[in-house]
Amino acid sequence: MSNLTILRTYALKDPATLPASILFSNTDSTLTIYDAFPKSLFHFLVLPRASAPLETNELASLITLLRGDRTRAKQVISSLNEAAKSLRKEIEAEMVNRYGFKWNIWTGFHAVPSMQHLHLHVLSADLCSEKMKHKKHYNSFHPKLGFFLHMDEVLSWLDAEDSYFTTMAKLDPAPYEALLKENLACFHCGSAMKNIPALKAHLQMEWDTLATRGKAQLARKRKLEEKHAAAGTDEGRGPPKKQKSDQ
DNA sequence: GTTCTAGAAC
DNA sequence: GTTCTAGAAC
């Protein structure tokens with residue numbers, strides 16, 4: 001992507017004018033689009049739409065938003081969070097449709113964004129993608145490294161006392177950028193990976209293991225449901241167990 | 001983002 | 001010799 005302001009142009013447009021290949025869904029205050037370079041099997045961006053009193057300058061990034069009015073920042077982040085929640089439900093349904101099981105979904109911001117206009121990443125926890133080519137791509141989504149700021153963490157800053165909020169909201173790029181150069185380590189098991197091709201092969205193996213386990217689990221669950229249905233009871237046919245949030 | 005390339009790693 | 005990374009140019 002050569003155009004660093006493309007997200008802003010989307011945010012200013014009438015969502016009805018955006019092609020279906022870009023726009024997934026929208027609300028009055030948010031847009032959900034497909035990431036043009038998905039780094040996982042599922043990867044979306046949720047953006048705040050620009051509308052008064054929100055200036056595009058204030059929505060340029062997490063830093064600019066947090067530098068402005070805290071209540072307004074909280075409203076923006078909360079609206080992104082709500083859109084992300086319903087998006088995750090749709091992703092989970094599609095996980096079952098396409099792959100026969102569901103796995104975790106991460107929701108968060110890059111500490112140092114590469115494009116203008118605030119965007120929340122919502123992506124499946126696999127990092128298996130053709131587009132994942134460089135160390136910085138991988139490290140920017142590693143869920144424990146610190147560059148990827150999980151939604152729950154950012155929300156906690158907004159509810160914290162002033163001194164903590166101010167400290168976290170600074171988001172000085174230098175220490176975060178240094179994280180992108182950290183050695184490659186598998187986010188599942190922590191083992192060190194000597195290079196990107198080795199990492200990608202390992203991640204694929206980790207995901208295949210998850211898939212095998214997940215499909216077997218779902219098959220057992222369905223069998224149990226059938227058994228209960230045959231016995232004429234409603235047991236096991238209730239709503240699915242509430243999933244732990246993925247932050 | 002991609003392409004190109006020097007030099008490191010193997 | 002081949003594979004891989006990382007920085008520069010675009």
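First the proteins, then the strands, lettered A, B, ... as listed; each starts at 1. Computed from a predicted model, the values in this text were never measured in an experiment.
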Checklist outcome for this item: A:H119 atom NE2 is separated from B:dG1 atom P, nearest whole Å, by 11 Å
Item to check | salt_bridge(A:E92, A:K89) N-O dist < 4.0 Å | outcome: yes
Next on the checklist: Quick test of your reading of the model: are A:E82 and A:K85 salt-bridged, counting only N-O distances below 4.0 Å?
Outcome noted: yes
Item to check | N/O donor-acceptor pair under 3.5 Å between A:S78 side chain and A:Q75 backbone | outcome: no
Checklist entry - What's the CG-P distance between A:L45 and B:dG1, to the nearest Å? => result 12 Å
Checklist entry - Hey, does A:K194 reach any base, or is it just sugar-phosphate, or nothing, if we go heavy atoms under 4.0 Å? => result nothing
Checklist entry - Aromatic rings A:H137 and A:H134: how do their planes relate, parallel, tilted or perpendicular, breaks at 30° and 60°? => result tilted
Checklist entry - If you check the A:K135 side chain, which of C:dC4, B:dG1, C:dA6 turns out closest? => result C:dA6
Checklist entry - What is the distance from NZ of A:K131 to C1' of B:dT2, rounded to the nearest Å? => result 11 Å
Next on the checklist: From CD1 of A:I196 over to P of C:dT2, roughly how many Å is that when rounded to an integer?
Outcome noted: 23 Å
Checklist entry - Tell me: CG of A:N139 to P of C:dT5, nearest whole Å? => result 12 Å
Checklist entry - Looking for any heavy atom pair under 4.0 Å, which part of the strands does A:K133 touch: base, sugar-phosphate only, or nothing? => result sugar-phosphate
Next on the checklist: Please report the distance, rounded to the nearest Å, between CG in A:N195 and P in B:dA9.
Outcome noted: 12 Å
Checklist entry - How are the rings of A:H121 and A:H110 set relative to one another: parallel (under 30°), tilted (30 to 60°) or perpendicular (over 60°)? => result tilted
Checklist entry - Rounded to the Å, how far apart are A:F37 CZ and B:dT2 C1'? => result 9 Å
Checklist entry - Do the side chains of A:H188 and A:L203 get nearer than 4.5 Å, heavy atoms only? => result yes
Checklist outcome for this item: Among the nucleotides C:dA6, C:dC4, B:dG1, whichever has the atom closest to the side chain of A:H137 is B:dG1
Checklist entry - At under 4.0 Å between heavy atoms, what does A:K39 touch on the DNA or RNA strands: base, sugar-phosphate, or nothing? => result sugar-phosphate
Item to check | Distance in angstrom units between A:M132 CE and C:dC4 C1', rounded | outcome: 15 Å
Checklist outcome for this item: Here DNA chain C, pairs taken as Watson-Crick or G-U under 3.5 Å and shown with ( ), [ ] when crossing and | when to another strand, reads ||||||||||
Checklist entry - With under 30° as parallel and over 60° as perpendicular, where do the rings of A:Y99 and A:W207 fit, or are they tilted in between? => result perpendicular
